[in-house]
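Everything below concerns the one structure shown next.
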There are 2 protein chains.
Amino acid sequence: MDRRPGQRAGLTRERVLAAAHELLGAGGVDGLTMRALARRLEVAPNALYSHVPGKTALLDAVIDEVLAQVEVPAMDVADPVTGLHALMCSTYDVLLGHPDLVPLYLARNGARGANARHLGDVMLALLDRAGLREARAREALSVLIVYTIGFAAFTTGPPIDVPDPEPRAEQMRENFDSGLRWLLAGITAPSMRA
Amino acid sequence: MDRRPGQRAGLTRERVLAAAHELLGAGGVDGLTMRALARRLEVAPNALYSHVPGKTALLDAVIDEVLAQVEVPAMDVADPVTGLHALMCSTYDVLLGHPDLVPLYLARNGARGANARHLGDVMLALLDRAGLREARAREALSVLIVYTIGFAAFTTGPPIDVPDPEPRAEQMRENFDSGLRWLLAGITAPSMRA
DNA sequence: ACCTGAACACCGTTCAAGT
DNA sequence: ACCTGAACACCGTTCAAGT
């Protein structure tokens, strides 16, 4: 802040988001504060408000940025259930890469950004190809999203009450996979395709 | 705080927790701060630290208090799967009564208090009676807990990206129920009982 | 439009006292 | 043991300036 009022700092929305992302990786979600972000960018705290509406909007943007890493399966190949399985697994893995973000993600009830919407659309298309009508597809959509993010949240936290602390990550991933297969089996059961 | 140093205010851990619970019901989790709690109890902020180790511990205690409202099915009647279904539904309903608590619950990865442990034990017993071996039972336990809390978190938040805002609560509850049945079906499938 | 300075109204927590 | 006073090191956000 060795700048007089009126001097530019060369801030951009992109630079702000990038710094936020770094801060998140370093100190978790607790370390991501407006003031810490300003410090890192060598800028007065209120300077951020020229590029971001507020902290809530900033967090939303960061979440959506992370969601861009999810691998979307090709729509034209394989069967839709396999595609759904792959998509949810990729989402799970991406979320595990940002543990502190997950509770936040869940708290604001899923990202509302462009990437999140796109993932939702892909899922709906796959469910449609799996033979589900629109209402049933939305039902299944909610269940799958909730299950995946919820599981990621639990995986990234401290152990629940299981007395074996060792192979947590792999164990949890297996559990996630088991439950996911059960859900997909239920979703695509004959009674659902009616 | 019209009290000199050394005068007692008649604070108790119970009174503190009760006030915290009220504050939570009134203003949500954002309204539940140490200082607001002290204000409500007409006490200096630091007086709370004589009855509670800190904010984290206070939140844990509040969460476990809420969990006491969950209806535990009788262990000796009905079939275990029905019992599990009822238990998860009751948990879901109780969590819906405290929307702002849910993300917190999820963030600290489930309550670690006495009530939470008891619920876990009941679930394990039911899973055992359903024919699952210990390892499989733990697997199923994680899946069911995650699913229930995760769904509660999503239900209590703003709508996800569905364009129909009306019958949210009932719709979500139906979705929860559908997914829960799928999971229970998967959990108790013949391949799991081996 | 973009940035600074200063301020407002908060936080959680600690430390040294008082009885 | 229980409580106050005062302080520390923070928050997010706003408002009035400066160029």
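Numbered from 1 within each chain, the chains take letters A, B, ... in sequence-line order.
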*When the distance from CE of A/Met34 to P of C/dC11 is rounded to whole Å, what number comes out?*
19 Å
*Which whole number of Å gives the distance between the P atom of D/dA9 and that of C/dC10?*
22 Å
_Interatomic distance, A/Arg3 CZ vs D/dT19 C1' [rounded to whole Å]_ = 14 Å
*Mind listing the closest non-hydrogen atom pair of A/Gly31 and A/Ala36 along with its distance?*
O-CB, 3.6 Å
*On DNA chain C, check which nucleotide each of B/Gly54 and A/Thr12 is closest to and give me the residue with the more 5' one.*
A/Thr12
*Among C/dG12, D/dC11, C/dA1, the one nearest A/Ala36 by side-chain distance*: D/dC11
*asked:* Under 4.0 Å, counting only non-hydrogen atoms across every strand here, what does B/Ala9 touch: a base, just sugar-phosphate, or nothing?
replied: sugar-phosphate
*Counting side-chain heavy atoms from C-beta on, which of C/dT14, D/dC11, C/dC3 comes nearest to A/Arg35?*
D/dC11
*Has B/Glu71 got more than 12 heavy atoms of other residues, nucleotides or ligands less than 6.0 Å from its CD?*
no
_First encountered from the 5' end of DNA chain C, between A/Gln7 and B/Pro5_ = A/Gln7
*asked:* Would you say the ring centers of A/Phe151 and B/Tyr147 fall short of 6.0 Å from each other?
replied: no
*Dot-bracket notation for DNA chain C is requested: 5' to 3', Watson-Crick or G-U wobble pairs only, both distances under 3.5 Å, with ( ), [ ], | and . as defined.*
||.|||||...|||||.||
*Of A/Gly31 and A/Pro53, whose closest DNA chain D nucleotide lies nearer the 5' terminus?*
A/Gly31
*Take atom CG of B/Leu41 and atom P of D/dC2, then tell me their distance rounded to the nearest Å.*
15 Å
_Set of ring pair (Phe, Tyr, Trp, His ring centres under 6.0 Å) partners for B/His21, sequence neighbours left out_ = B/His98
*Selection from D/dC11, C/dG12, C/dC3 that lies nearest to any side-chain heavy atom of B/Lys55*: C/dG12
_Is the shortest side-chain heavy-atom distance between A/Leu59 and A/Leu32 below 4.5 Å?_
yes
_Residue A/Ala47, side-chain atoms from C-beta onward, closest of D/dC2, C/dT4, C/dC2_ = C/dT4
_N-O pairing of A/Asp121 and A/Arg117 below 4.0 Å_ = no
*Let me know the distance between CG of B/Leu58 and C1' of C/dT13, rounded to the nearest Å.*
14 Å
*Between B/Arg39 and C/dC11, is there a side-chain N or O to OP1/OP2 distance below 4.0 Å?*
yes
_Separation of D/dT4 C1' from B/Leu11 CG (nearest whole Å)_ = 13 Å
*Tell me whether the OP1 or OP2 atom of D/dT4 has a side-chain N or O from B/Arg4 closer than 4.0 Å.*
no
*asked:* For a quick check of understanding: with a heavy-atom distance under 4.0 Å over all strands, which category does B/Thr33 fall into, base, sugar-phosphate or nothing?
replied: sugar-phosphate
*asked:* Could you check whether A/Glu170 pairs with A/Arg173 (Lys NZ or Arg NE/NH1/NH2 to Asp/Glu carboxylate O, under 4.0 Å)?
replied: no
*In whole Å, what is the span from the CZ atom of B/Arg15 to the P atom of D/dC2?*
14 Å
_Between C/dC11 and D/dC8 - C1' atom distance, rounded Å_ = 12 Å
*Provide, to the nearest angstrom, the distance between the CG atom belonging to A/Leu48 and the P atom belonging to D/dT13.*
10 Å
*Using side chain to side chain donor-acceptor pair (under 3.5 Å) as the criterion, point out the one residue from A/Asp177, A/Thr155, A/Thr148 that pairs with A/Tyr92.*
A/Thr155
_Rounding to an integer number of Å, can you tell me how far A/His51 NE2 sits from D/dT13 P?_
16 Å
